[in-house]
Number of protein chains: 2
Amino acid sequence: MARHARYDRKVALEKAVGLFWEKGYHGSSMKQIEHALDMRPGSIYATFGSKDGLFSEALASYAERGGREMAAHLEQYDSIVDGLQDYLRTIAASCGPDTEAPSRACMIVKTLLESSNTHSELAAQANSILAAIEHALKAALEQAKGRGELLSTADCSRLARLIQAQIMALRAMAERGLTSEQLQALGDDMAAILDGYRTHH
Amino acid sequence: MARHARYDRKVALEKAVGLFWEKGYHGSSMKQIEHALDMRPGSIYATFGSKDGLFSEALASYAERGGREMAAHLEQYDSIVDGLQDYLRTIAASCGPDTEAPSRACMIVKTLLESSNTHSELAAQANSILAAIEHALKAALEQAKGRGELLSTADCSRLARLIQAQIMALRAMAERGLTSEQLQALGDDMAAILDGYRTHH
DNA sequence: GTGGTAGTTGAATGGTCGCTCAAAAAAAGG
DNA sequence: CCTTTTTTTGAGCGACCATTCAACTACCAC
């Protein structure tokens, strides 16, 4: 038949995530993208259609990875609430001043704030991802409630949004460059919020 | 001597805040700025030096206004903690889906996330503003502690950061376009966090 | 009125933006 | 080897970017 593709789509997307997560949509030029992916414009456009298309796929890829990591984390715990509390502490620990990740803040939140009034398609995508995460949190909380971990008065929808807000804020605060002690303390304080919704306490 | 300036510096800055808050730094072109300020490039550059200079002044202006509003709000309350709790609820109420403000999210946070890896000067400015707000919150909390509103075990520095995180997250969540009921409930839940640090409870 | 001065104007600048496409290169079948 | 098919290449596109500056305008002092 013909020539093989020199580039692995998934590998290229990972590199795109790295750049976009770090610099945002407007902050990443095609020149920088070409360099980050080690691809020439023609190949990028043949593969991803446009800068928007590439960003959209990169964001989806980032979200999927994040979702997998969260699910994997929660599976390690017998108590769902324990798992959620430790998830917050883990984020605090991994977003410290010497992280090797492209950015400490969440790429989904960065995208939402950057594009909400300039690029409604991207904002809608970020929104639907956040809605999906919120839904997953709610489902986990309802399971916890069914197991008797949470007070019967607890509203799982509201609590899911409260927890999501903590995650968003924790990672945004990490972008401020706090010390790892300060960030860890913040993670602890956020985890402690959940104690107020637990049974036998 | 000579001709009067046709433009009021403060009025022009207000308009710049409106545009930059809505679209961000990279999302606002000089064309749009010229239109928003009703000024031609020469006048803009003569007055503010550069796009960066204008943005920087706009951000400072926004922060000063926000600081004044927060201080004015807290003065209305006898109890500082009551004031802080109601401040969160007020933000939730004023960031609803039908706000007339340029954006629901905080311009300082938007700037921090947008520029942290592309424009270190702006990020540093956003950082120092957030540090000042954190410091003001800490001072208010220490005063509250002195009045016996807070548990003696409460760490005012940590609590200040926890509250600042709530404000940041509340306004970022507002950008998701939640219903006003959902947003109000989130504000209530965040305010309730402070109950855990209060005395006689 | 007139001169001097500060403020405004907008065409024009060099650069970069996202993107295209004709040509070259690389693999597979014959 | 040559043909066919797919991919890569990179010069080049028009548009728009932030910015400049010489000409122009409006005001005040005299």
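Throughout, protein chains are lettered first and strands after them, A, B, ... in sequence-line order, and every chain is numbered starting at 1. Note that the coordinates shown come from a computational prediction; the quantities given were computed from them, not determined experimentally.
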**Student:** For the pair made of CG in B/D38 and P in C/dG7, what is the distance, rounded to whole Å?
**Tutor:** 18 Å
**Student:** Just how far, in rounded Å, is P of D/dA18 from CG of B/L54?
**Tutor:** 11 Å
**Student:** In whole angstroms, how far is the P atom of C/dT2 from the CZ atom of B/R3?
**Tutor:** 21 Å
**Student:** With a 4.0 Å cut-off on N to O distance, would you call A/D38 and A/R6 a salt bridge?
**Tutor:** yes
**Student:** Rounded to whole Å, please give me the gap between CZ in A/F48 and C1' in D/dT8.
**Tutor:** 15 Å
**Student:** Reckon A/R6 has a side-chain N or O less than 4.0 Å from the OP1 or OP2 of D/dT9?
**Tutor:** yes
**Student:** Does the side chain of B/D188 reach to within under 4.5 Å of the side chain of A/R158, using non-hydrogen atoms?
**Tutor:** yes
**Student:** Roughly how bent is the helix from C/dG1-D/dC30 to C/dG30-D/dC1 end to end, in steps of 10 degrees, with each end axis from five pairs?
**Tutor:** 10°
**Student:** Do B/H35 and B/L19 make a side-chain contact, defined as non-hydrogen atoms from C-beta onward lying under 4.5 Å apart?
**Tutor:** no
**Student:** Can you check the A/D8 CG to D/dT8 C1' distance for me, whole Å?
**Tutor:** 16 Å
**Student:** Should B/R198 and B/D82 count as an ion pair when the cut-off is N to O under 4.0 Å?
**Tutor:** yes
**Student:** What is the distance, rounded to the nearest whole Å, between atom CD1 of B/I44 and atom C1' of C/dT9?
**Tutor:** 12 Å
**Student:** Are B/Y25 and B/K110 packed together at the side-chain level, in the sense that at least one heavy-atom pair is separated by less than 4.5 angstrom?
**Tutor:** no
**Student:** May I have the step-by-step check of side chain to side chain contact (heavy atoms under 4.5 Å, CB included) for A/F55 and A/I33, ending in yes or no?
**Tutor:** CA-CA 10 Å; A/F55 188 95; A/I33 292 168; over 6 Å; no
**Student:** With the sugar-phosphate defined as primed atoms, P, OP1 and OP2, and the base as all remaining atoms, what B/S/- string results for nucleotides 11-22 of chain C, 5' to 3', for protein heavy atoms under 4.0 Å?
**Tutor:** B-----SSBBB-
**Student:** How long is the line joining NE2 of B/H4 and C1' of D/dT25, in whole Å?
**Tutor:** 13 Å
**Student:** Is there side-chain contact between A/Q125 and A/I129, with at least one heavy-atom pair below 4.5 Å?
**Tutor:** yes
**Student:** Donor-acceptor pairs are to be reported for all side-chain atoms of residues 165-177 of chain B against protein atoms at under 3.5 Å, with residues two or more places apart or in another chain.
**Tutor:**
from	atom 1	to	atom 2	distance (Å)
B/Q166	OE1	A/Q166	NE2	2.9
B/Q166	NE2	A/Q166	OE1	2.9
B/Q166	NE2	B/L162	O	3.3
B/R171	NE	B/R104	O	3.3
B/R171	NH2	B/Y62	OH	3.4
B/E175	OE1	B/S103	OG	2.9
B/E175	OE1	B/A105	N	3.0
B/E175	OE2	A/S116	OG	3.2
B/R176	NH1	A/E134	OE1	2.9
B/R176	NH1	A/Q164	OE1	2.5
B/R176	NH2	A/E134	OE1	2.9

**Student:** Do B/Y45 and B/M30 make a side-chain contact, defined as non-hydrogen atoms from C-beta onward lying under 4.5 Å apart?
**Tutor:** yes
